[in-house]
Amino acid sequence: MSEVAATGDGDRIRLDPSWKQRIGEYLTHEDMQSLRAFLRERMQKGARVFPPAPQMFAALDATPFDKVKVVILGQDPYHGFGQAHGLCFSVQHGTAVPPSLVNIFKELQRDLGIPTPTHGCLDHWAEQGVLLLNAVLTVEEGRAGAHQGKGWEGFTDHIVETLNREREHLVFLLWGAYAQAKGKMIDTAKHRVLKAPHPSPLSAHRGFIGCGHFSKANEYLVRHGMTPIDWSLP
């Protein structure tokens, strides 16, 4: 496992080598240096930044580049204490399941008959090749969107661009206008792009419930010789 600096020289985060060799150079860009300085300053001023520094790149660490089959794009992490752990839409064991994830589970049950899980930790998906990537990888407690526009977006665009260019037959699940805008760069001749409203309670019943994305993703993977995702959560 490789390590790179997070908010300072003494603050290291894990980054799988398969990702580091493709995107590690981007971490030296000026916007990433500015982001690092911003994060360091916010922490020094007492802001509670989520997820904790060792988990900022957890999505990449959990799903190596060559293992990615499905990409789910989120916006930014949950901003409640103990929720975010680096995978979009996921919460740690013992944490109440947030409303958007409740609706994701409702669609899983409708689409595939999977019983509602007893927890909201999506590690099992990540381990099978589902990259659970937020556009912005950090947030502050109680302040949704607090770190938007600070540099993360360019970095995560670079991740999506690299996957689009170097891989074939990936499934991108783009839920909501924000994810769909970020996914405009994806070559639909090489990859399967599925779009639906966001699973938030504000929009889920405008087409997320009923979208069938989980079965459609698996059908595409099987058609291209890959093992389908087991969307249940043990």
Side-chain angles (χ1 to χ4, degrees), residues 1 3-8 10-16 35-36 38-63 71-109 114-128 130-153 155-156 159 173 175-176 178-179 198-204 208 231-234:
M1 198 65 62
E3 291 186 331
V4 294
T7 56
D11 201 359
R12 314 299 289 183
I13 55 178
R14 297 184 303 173
L15 181 59
D16 186 89
L35 170 63
R36 193 173 295 118
F38 166 77
L39 291 172
R40 188 184 304 117
E41 178 187 13
R42 293 302 300 144
M43 291 178 183
Q44 288 172 349
K45 289 184 176 180
R48 300 181 82 169
V49 174
F50 302 140
Q55 296 177 328
M56 286 179 185
F57 289 177
L60 303 179
D61 190 49
T63 311
V71 181
I72 298 178
L73 293 178
Q75 191 161 347
D76 64 351
Y78 297 123
H79 55 85
F81 179 79
Q83 291 182 302
H85 65 119
L87 308 182
C88 75
F89 292 107
S90 181
V91 291
Q92 301 188 76
H93 285 275
T95 303
V97 178
S100 292
L101 189 52
V102 168
N103 285 328
I104 290 171
F105 291 162
K106 286 181 180 177
E107 176 55 18
L108 267 176
Q109 186 169 35
I114 293 174
T116 301
T118 58
H119 62 87
C121 183
L122 305 182
D123 283 347
H124 182 58
W125 296 2
E127 291 162 1
Q128 297 176 79
V130 181
L131 179 63
L132 296 161
L133 182 68
N134 277 313
V136 176
L137 300 187
T138 55
V139 73
E140 291 178 24
E141 184 172 21
R143 299 182 59 214
H147 292 182
Q148 291 180 11
K150 302 299 182 182
W152 281 125
E153 291 91 343
F155 175 65
T156 52
I159 292 171
L173 304 185
W175 300 333
Y178 189 95
H198 194 276
S200 158
L202 298 174
S203 55
F208 178 80
W231 293 105
S232 64
L233 294 177

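All heavy atoms count here, side chains included; hydrogens, waters and symmetry mates do not.
Across all non-hydrogen atoms, the minimal contact from Pro77 to Pro51 is CG-CD, 4.1 Å. Of all heavy-atom pairs spanning His79 and Ala144, the tightest one is CD2-CB, 3.5 Å. Taking all atoms of both residues into account, the shortest heavy-atom contact from His85 to Gln55 is CA-OE1, 3.5 Å. Between Ala146 and Phe38, the closest heavy-atom pair is O-CZ, 4.4 Å.
In this structure, His124 has no ring pair (Phe, Tyr, Trp, His ring centres under 6.0 Å) partners at least two apart in sequence or on a different chain. Taking the side chain to side chain donor-acceptor pair (under 3.5 Å) definition, one finds that Ser200 meets it with nothing, sequence neighbours left out. When the salt bridge (Lys or Arg N to Asp or Glu O under 4.0 Å) test is applied to Glu153, no partner is found at least two apart in sequence or on another chain. Remark: Ser203 pairs with no residue by the side chain to side chain donor-acceptor pair (under 3.5 Å) rule, at least two apart or across chains. Annotation: ring pair (Phe, Tyr, Trp, His ring centres under 6.0 Å) contacts of Phe105 (sequence neighbours excluded): none. A search for side chain to side chain donor-acceptor pair (under 3.5 Å) contacts involving Glu127 returns nothing, not counting sequence neighbours. For His198, the ring pair (Phe, Tyr, Trp, His ring centres under 6.0 Å) partners are Phe89, not counting sequence neighbours. Residues passing the side chain to side chain contact (heavy atoms under 4.5 Å, CB included) test with Glu141 are Arg48, Phe50, Phe81, sequence neighbours excluded.
Put simply, CD on Gln128 and CG on Leu122 are 11.0 Å apart, with the number rounded to the nearest 0.5 Å. The CD atom of Glu107 sits 9.0 Å away from atom CH2 of Trp175, with the distance rounded to the nearest 0.5 Å. In this structure, CG in Leu108 is found 7.5 Å from CH2 in Trp231, a value given to the nearest 0.5 Å. Rounding to the nearest 0.5 Å places CG of Leu87 at 7.0 Å from SG of Cys121.
The shortest side-chain heavy-atom distance between Leu173 and Ile72 falls under the 4.5 Å cut-off. Counting only heavy atoms from C-beta outward, the side chains of Lys106 and Asn103 approach each other to under 4.5 Å. Contact check for Phe208 versus Ile104: side-chain heavy atoms found under the 4.5 Å cut-off. The shortest distance between side-chain heavy atoms of Trp125 and Leu233 falls below 4.5 Å.
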Pairs under 3.5 angstrom only: tabulate donor-acceptor contacts from the side chains of residues 91-99 to other protein residues two or more places apart or in another chain.
residue	atom	partner	partner atom	Å
Thr95	OG1	Gly82	O	3.3
Thr95	OG1	Gln92	O	3.2

For residues 130-140, which side-chain N or O atoms pair as donor and acceptor with protein atoms under 3.5 Å away, sequence neighbours left out?
residue	atom	partner	partner atom	Å
Asn134	OD1	Gln75	N	3.3
Thr138	OG1	His147	ND1	2.7
Thr138	OG1	Trp152	NE1	2.8
Glu140	OE1	Arg42	NH2	2.9
Glu140	OE1	Arg143	NH1	2.8
Glu140	OE2	Arg42	NE	2.8
Glu140	OE2	His147	NE2	2.8

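For residues 72-83, there are no salt bridge (charged side-chain N to carboxylate O under 4.0 Å, His left out) pairs, not counting sequence neighbours. A salt bridge (charged side-chain N to carboxylate O under 4.0 Å, His left out) check over residues 87-104, counting only residues at least two apart or in different chains, returns nothing.
A donor-acceptor distance shorter than 3.5 angstrom exists from the side chain of Thr63 to the backbone of Ala126, with no hydrogens or angles considered.
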